[in-house]
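If you read the sequence from its start, that first residue is 1, and numbering goes on from there.
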Amino acid sequence: MAIQKGDFITLNYTGKFEDGRIFDTTDEELAKKEDIFNPHGLYGGDIVIVGAGHTIEGLDEDLEGKEVGYSGNVVIPPEKAFGPGNPKLVETISITKLKDRNVHPGLPVEVDGRRGVISRVIGRRVTVDFNSPLAGKTVTYEYTIEKVIETAVERIQGLLALYTGLRDLEVETADGVAKIYIPTGLTFNQRWLMAKNRVSSELFKYADLKEVQFIEKITAESETLMPAEPEAKAEEESKAETESKAETESKAETESKAETESKAETESETEESSEPEV
């Protein structure tokens, strides 16, 4: 059966520049060999929704109409890959703005919190390209469609892995309702907080769900990370002592202020009584 928009599929791929250099892959051994391995990345195939923008446009379009098991490649121009380069992001600056003055074309640099690559050196000035390293590049993707994901739980887990980097999160589904159990650590993850609504929207649109519940799950292992009772008690006592001290200092300050005002008032009355009558 041909792949259609909305299908959940497992996709393995390798992305290359025109000169053959590999910049992305789902093959862990190849990533290590090419020195692009990310210890926090997921390897072994991504679960993506065809037509949902989970891959670059040119690859996403090429998936449609293919069969499960298909292996092939597609050449993708910049406008359907990572976008054209923006000339406004290529700037010429003084070499004094760089920490390392021993510069050369191709050297990665950081200027005012922005990362770029030096493209030219002229005397004491350098041209820095702040575009993404992938911008303006024609790329080739070699890919294989491993399978179509059919079950609701696998679909949800695959989508969650794409957005969180965590595989096999605990999921339950019944009557159009999905219960997703979120580890405590993930609830404070900025990436997850930003992606949560998009995950819900895509599940409503592509997985025929009418309700998604995100449930924070705390296990016995996470309980051991909580402060021990003596430490908590000591912290409370310290807090109470600090508050008591602050209250005492505040009271003393108030009394001192009142005393000063009273003294000033007495002196004022004395000055008035000593003034000669006209």
Do the charged groups of R114 and E91 touch, with an N to O distance under 4.0 Å? yes
I'd like to know if F204 and F214 are part of one continuous hydrophobic network [Ile/Leu/Val/Met/Phe/Trp/Tyr, side-chain heavy atoms within less than 4.5 Å]. yes
Heavy-atom pair with the smallest gap, counting every atom of K137 and A81: O-CB, 4.1 Å
Exactly one of T25, D27, T26, D46 should register a side chain to side chain donor-acceptor pair (under 3.5 Å) with Y13. Which one does? D46
Using 30° and 60° as the class limits, which term best fits the ring planes of F23 and F17: parallel, tilted or perpendicular? tilted
Using a 6.0 Å cut-off, check whether atom NZ of K66 has over 12 heavy atoms from anything other than its own residue. yes
Quick check on the hydrophobic clustering: are L193 and L186 connected, directly or via other members, by side-chain heavy-atom contacts under 4.5 Å? no
Shared hydrophobic cluster, L134 / V109 (ILVMFWY, side-chain heavy atoms < 4.5 Å): no
Between F188 and T184, what is the shortest heavy-atom contact and its length? CD1-O, 3.5 Å
How many angstroms lie between CD1 in I145 and CG in L11, if you round to the nearest 0.5 Å? 7.0 Å
Would you indicate whether K33, at its atom NZ, is surrounded by more than 12 heavy atoms from other residues, nucleotides or ligands within a distance under 6.0 Å? no
So if you build clusters from Ile, Leu, Val, Met, Phe, Trp, Tyr with side-chain heavy-atom gaps below 4.5 Å, do Y43 and I22 land together? no
Could you tell me the separation between the CD1 atom of I9 and the NZ atom of K147, rounded to the nearest 0.5 Å? 12.0 Å
Interatomic distance, CD1@I149 vs OG1@T10, rounded to 0.5 Å, equals 3.5 Å
Check whether the side chains of Y141 and D62 place a donor and an acceptor atom closer than 3.5 Å, and report yes or no. no
Among the clusters formed by ILVMFWY side chains lying less than 4.5 Å apart, do F130 and I118 turn up in the same one? yes
For E67 and M1, indicate whether the former's side chain and the latter's backbone hold a donor-acceptor pair under 3.5 Å. yes
Can a side-chain donor-acceptor contact be found between T144 and N12 if the only test is distance below 3.5 angstrom? no
